[in-house]
Amino acid sequence: MENLGILTALFFLFSSSTSLHPSSLTNLQNYCLDDQRSALLQLQHHLYYAPNFTFSSKLDLLDPNTHCCSWKGVTCDALGHIIGIDLSYQNLSGSFHSIFNLHHLQRLNLAGNNFNTTLFQYGFGKLPNLTHLDLSASCFHDQIPVGILYLTRNDQSSASLKLEKPNFKTLIKKMRSLRELYLDGVNISSQSSEWCETTSLSLPKLSVISMSNCDLNGHFPVEFFLLPKMQRIDISDNSRLMGQLLEFPINNTLEVFNLKLLRVLTLSKLSLNFNSISGSIPPSIANLSNLVELDLSGNNFNGLISPFHRSGVPNLAYLDLSRNRLSGSIPSSLFTLSTLQTLSLGYNSFSDYQLKLDMFFQLNNLRFLDPSNMSLLVGSQNKILIFPRLEGLALRSCNLTEFPEFIKSQNKLTSLYLSNNRIHGLVPNWLWKSTLIWVDLSSNMIDIPNQIAFDDAISSFPMLRWLRLQSCNISTFPAFLKIQESLEDLDLSNNKISGASLNLSNNSLTSLDQFSSNQDSLRAPICNLSQLQSFDASFNKLSGSIPSCLGNISTLSFLYLQQNNFSGSIPDFGGATQLYALKLKDNKLEGKLPRSLANCTMLYAVNLGNNTLHDTFPLWLGKLPGLMVLILRANRFYGPIKHLENNFPTLDVLDIASNNFSGQLSIEFFQATHKLSSLKINGNNLEVKLPRSLANCKKLEVLDLGKNMIHDTFPYWLVKLPLLKVLILRSNRFYGSIKFFEDGNAFPMLHILDLASNNFSGEVSLDFFQSLRGMMVIDGNKAKPSYVGDNYYYKDSVTIVNRGFEIFYQKILTLFTCLDLSNNKFHGRILEEVQHLKSLHVLNLSYNDLFGPIPSALGSLTELESLDLSRNSVSGKIPPQLTSLTFIALLNLSYNQLDGRIPESNQFGTFSNDSYIGNLRLCGVPLTRKCNEVGSKILPLKEDEDLWIDGLSVWKVVLMGYGWGLVIGFSIGYTVLNEFGNKWTASFIQNWNQKRRRSK
């Protein structure tokens, strides 16, 4: 009976949905029929409660003493037939096949559950009267069932699905009577722009369509406006949706065009936010007389704002044109819309140099104002003017130097955003309002006064839920946090908060742990925040132990404490069962991982990199159903990487680089983790061969196996990985020639290949260059660079030898291209076909046995920034075509057999003697050897003088190798000698010549 009280979910849900069910009450006098009751009892038997994708308890929700038409979530008609079931947002899992015995069903809502299974391939055809179907956010796999195609009148909404088999066109083509369609969150990325035409042609009676966050692509479906019954559209947050808006039919009955999940169906909305729609805003949009809300934010609209007048949009209450490329002046008619309640114009390119706040005074009904990223003129006269009673104010990046005093009279504010200004000094007490819920003061040089009395603080802002103080000048924890027990989101990151940070009630708190500990006279602030969902104190100077109380906050979802000076062990997280993301990297944490993390079944991302943790591979984390990011790099983990069946089923990123893992890689491990997109095992002690099961990781984009002891041939079987962009095999024991047994489709997207410091041999063949398809195309979108593996919780990184130095790239630009074959045993000529790798930025062929001339075709690699051919046996002249490499910053041709004059134009005039040293037949600047005036013949040497100089340079490297070790000495000592050693060498030679002449 306890479950009955807690989980009255299965059929107590219907009343909460306004979008899928009528507001009329169920006729409770009509008892449901026996067959209807039986179907519901079967449904209960096959469903269970699974809040974290794991079994919690069977459902026991139905009262056998009552009739099923009285159960909330169930709607019956006058004859006792069930016509509506709402199971939404109840964390249910299991089977619902018995629903298909309810042949009179019209409305079915399965949204917001954890079914985590495939939809049935049968059943929906048995529901001919279905008009509303919601499958959104229920974690279904694979596809929408084929049986759904035979519905005559239905409506769908699904999230976490992917429409592939059947595709979108097949799904809806037989739904001719469909009036409302909901598919929010369904991945339709595999479809082309035909989804637009398909919808308009197949669904002539459509009045509502909701497809937000579906990864829609192609051109914007202007055909939707031609559907006579269309009232509401939601296709927001589809960044690949492009095109332009056409003029609107004046008599169109459009009520809602929503691209941002705006669900208030009583309002008339036109919203296209956060897509990629471009062009100008059609003037006719200002004549949609039924329009109440207009949201075009987050697109690429340009040009002028259409003049809005009361006669054209008499009921307009919501206008959001922010985050576009609109230009010109803001039309004055905009400020005559007396019905306007929300106005957001920020982040555009308006020509108004300074926007005066008094322009908004005539908008008496204004409740939310956002002119962010405009230079606001807040004069002293505005301090006494009466401003509209705002509930929300956003003045981000408005060049403010002080807190606007008109805020003092705003006693209804619930949200206040003043980030990214030039405000400095203490935050005034009058800024805090008793109504405030969301506050963002980030990126200002401000501090919070500690002299605020706690009693006053309690009465000033008791409703505060969301506080952002990122990148301010805060040096101590704000004292008022002690009593903010309702706070849910707290961001104090990137400040100057240090260990000795707070003094309360004469109790000196010297660390965050002390700050959080309970004391007789004082309950410390951080532990009082029992409703905390997100806490970010990263990039400060906090020390001591991480407060153990954080692991007991049951609501905590996000904990970010990276880049501080925390020490000790990671606390127990047994009570933080809702934890979603944990970032503790770049501290001094030690010991083992707390096994209680296995209870945090909601975990998505764990980043513990760059600490001193000492443990074996956490195989026990593999049972977490949603874990996608696991970063343990730069710790002291050790031992083999073992495997258990069905471990890490959803893992997307695994970074265990720079540890002490040993043994061989498990074949079964990569069979289970086939969803990996980034795998970094570099800097360990792994050995033997690569498991061929790596080829199962079809989503792999980054594979870094460098600096291990892997003994194998070139893994040609990886060439078919369709998404592989980065492959690092450097510093292992790979051997043999590089052969390809596939066709020309190998490595279609690879743009970083590092095979350096192995034992590869043979020729660098024509097939090899032809296989590098991903290096043959120059990315023309340099204005908006993208990064490999760029998401909120993780950004892929890589270490590359570039310009002679080992450089750690914290992000990997997709346009950055590198080929490093150095320090192997390759021989033969450098083929002209290297010119096809047009996007190359770094080419390193040094320390091999290559011979023959330098191909003049290298001059066509116009993106090249670094070229290293040193320590080979290449001969002949330096091709003058290389002077066309205008981006090249490093050129190393040293220790070869080159001859003739060194080219001097363009970038060649910037290279030093080190670029050419060890080539005895080269002459010209910057070498001391001069060429005669007739040709490129070298003037006669003076008693082996230049040979002696070259020998001295070699001696320098050998000496460094003796003093510091070859690698370190070369990278440190040789660089240092080049700073001042050349002057010393020149002086030494001059004195030696003078002594030689005197001796004669």
**Student:** Do you know which two heavy atoms are closest between Leu550 and Leu559, and how far apart they sit?
**Tutor:** CD1-CD1, 4.0 Å

**Student:** Hey, are the side chains of Lys623 and Asn647 touching, using non-hydrogen atoms and a 4.5 Å cut-off?
**Tutor:** yes

**Student:** Among residues at least two apart in sequence or on other chains, which ones pass ring pair (Phe, Tyr, Trp, His ring centres under 6.0 Å) with Phe539?
**Tutor:** none

**Student:** Per the side-chain hydrogen bond (donor to acceptor under 3.5 Å, both in side chains) rule, what does the pair list look like for residues 651-661, sequence neighbours excluded?
**Tutor:** Arg633-Asp655, Asp652-Ser677

**Student:** Would you check if Ile570 and Leu608 make a side-chain contact, meaning some heavy-atom pair closer than 4.5 Å?
**Tutor:** yes

**Student:** What pairs with Ser662 under side chain to side chain contact (heavy atoms under 4.5 Å, CB included), at least two apart in sequence or on another chain?
**Tutor:** Asn685

**Student:** Could you walk me through whether Asp489 and Arg468 pass the salt bridge (Lys or Arg N to Asp or Glu O under 4.0 Å) check?
**Tutor:** CA-CA 8 Å; Asp489 189 311; Arg468 296 289 175 90; 3.2 Å; yes

**Student:** What distance separates Asp440 CG from Ser415 OG, expressed to the nearest 0.5 Å?
**Tutor:** 10.5 Å

**Student:** Could you grab the distance from atom CG of Leu464 to atom CH2 of Trp438, nearest 0.5 Å is fine?
**Tutor:** 10.5 Å

**Student:** Give the minimum heavy-atom separation between Leu700 and Ser678, together with the two atoms involved.
**Tutor:** CD1-N, 4.0 Å

**Student:** Is the closest side-chain donor-acceptor distance between Asn610 and Asp586 under 3.5 Å?
**Tutor:** yes

**Student:** With sequence neighbours left out, write down each residue that passes ring pair (Phe, Tyr, Trp, His ring centres under 6.0 Å) with Tyr604, or none if nothing qualifies.
**Tutor:** Tyr580, Tyr793

**Student:** Around atom NZ of Lys496, are there more than 12 heavy atoms from other residues, nucleotides or ligands closer than 6.0 Å?
**Tutor:** no

**Student:** List in chain and number order the residues that pass side chain to side chain contact (heavy atoms under 4.5 Å, CB included) with Ile437, two or more places apart in sequence or in another chain; answer none if no residue qualifies.
**Tutor:** Thr414, Met463, Arg465

**Student:** Just how far is it from atom CD of Gln578 to atom OG of Ser557, taken to the nearest 0.5 Å?
**Tutor:** 6.0 Å

**Student:** For residues Asp184 and Asn213, determine if any side-chain heavy atom of one lies less than 4.5 Å from a side-chain heavy atom of the other.
**Tutor:** no

**Student:** Going by the side-chain hydrogen bond (donor to acceptor under 3.5 Å, both in side chains) test, name the single residue among Lys680, Gln810, Lys725 that passes it with Asp796.
**Tutor:** Lys680

**Student:** Are Leu597 and Leu621 side-chain neighbours, meaning at least one heavy-atom pair lies under 4.5 Å?
**Tutor:** yes

**Student:** Drop me the distance from Leu87's CG to Asp134's CG, to the nearest 0.5 angstrom.
**Tutor:** 11.0 Å

**Student:** Using 0.5 Å steps for rounding, measure from the CG atom of Leu467 to the CG atom of Leu492.
**Tutor:** 7.0 Å

**Student:** With a 4.5 Å limit on heavy-atom distance, are the side chains of Ser471 and Ser442 in contact?
**Tutor:** no

**Student:** With a 4.5 Å cut-off on side-chain heavy atoms, are Phe637 and Ile656 touching?
**Tutor:** no

**Student:** Under a 3.5 Å cutoff, is there a donor and acceptor pairing between the side chains of Lys541 and Asn565?
**Tutor:** no

**Student:** Closest approach of Asn587 and Leu561, non-hydrogen atoms and distance?
**Tutor:** ND2-O, 3.1 Å

**Student:** Taking all non-hydrogen atoms of both residues into account, name the closest pair between Pro649 and Gly622 and its distance.
**Tutor:** CD-O, 3.5 Å

**Student:** Quick check: do Phe566 and Leu542 have side-chain heavy atoms less than 4.5 Å from each other?
**Tutor:** yes

**Student:** Any idea which heavy atoms bring Cys697 and Leu676 closest together, and the distance?
**Tutor:** CB-O, 4.4 Å

**Student:** How far apart are the C-alpha atoms of Ile448 and Leu469, what are their side-chain angles, what is the distance that settles it, and do they pass the side-chain contact (heavy atoms from CB on, under 4.5 Å) test?
**Tutor:** CA-CA 10 Å; Ile448 308 295; Leu469 297 172; 4.3 Å; yes

**Student:** Can you pull out every salt bridge (Lys or Arg N to Asp or Glu O under 4.0 Å) where at least one residue sits in residues 591-602? Sequence neighbours excluded, please.
**Tutor:** Arg595-Asp615

**Student:** Are the side chains of Tyr89 and Asn113 in touch, meaning some heavy atoms are under 4.5 Å apart?
**Tutor:** no

**Student:** Tell me the closest heavy-atom pair linking Pro594 and Trp620, and the distance in Å.
**Tutor:** O-CH2, 3.4 Å

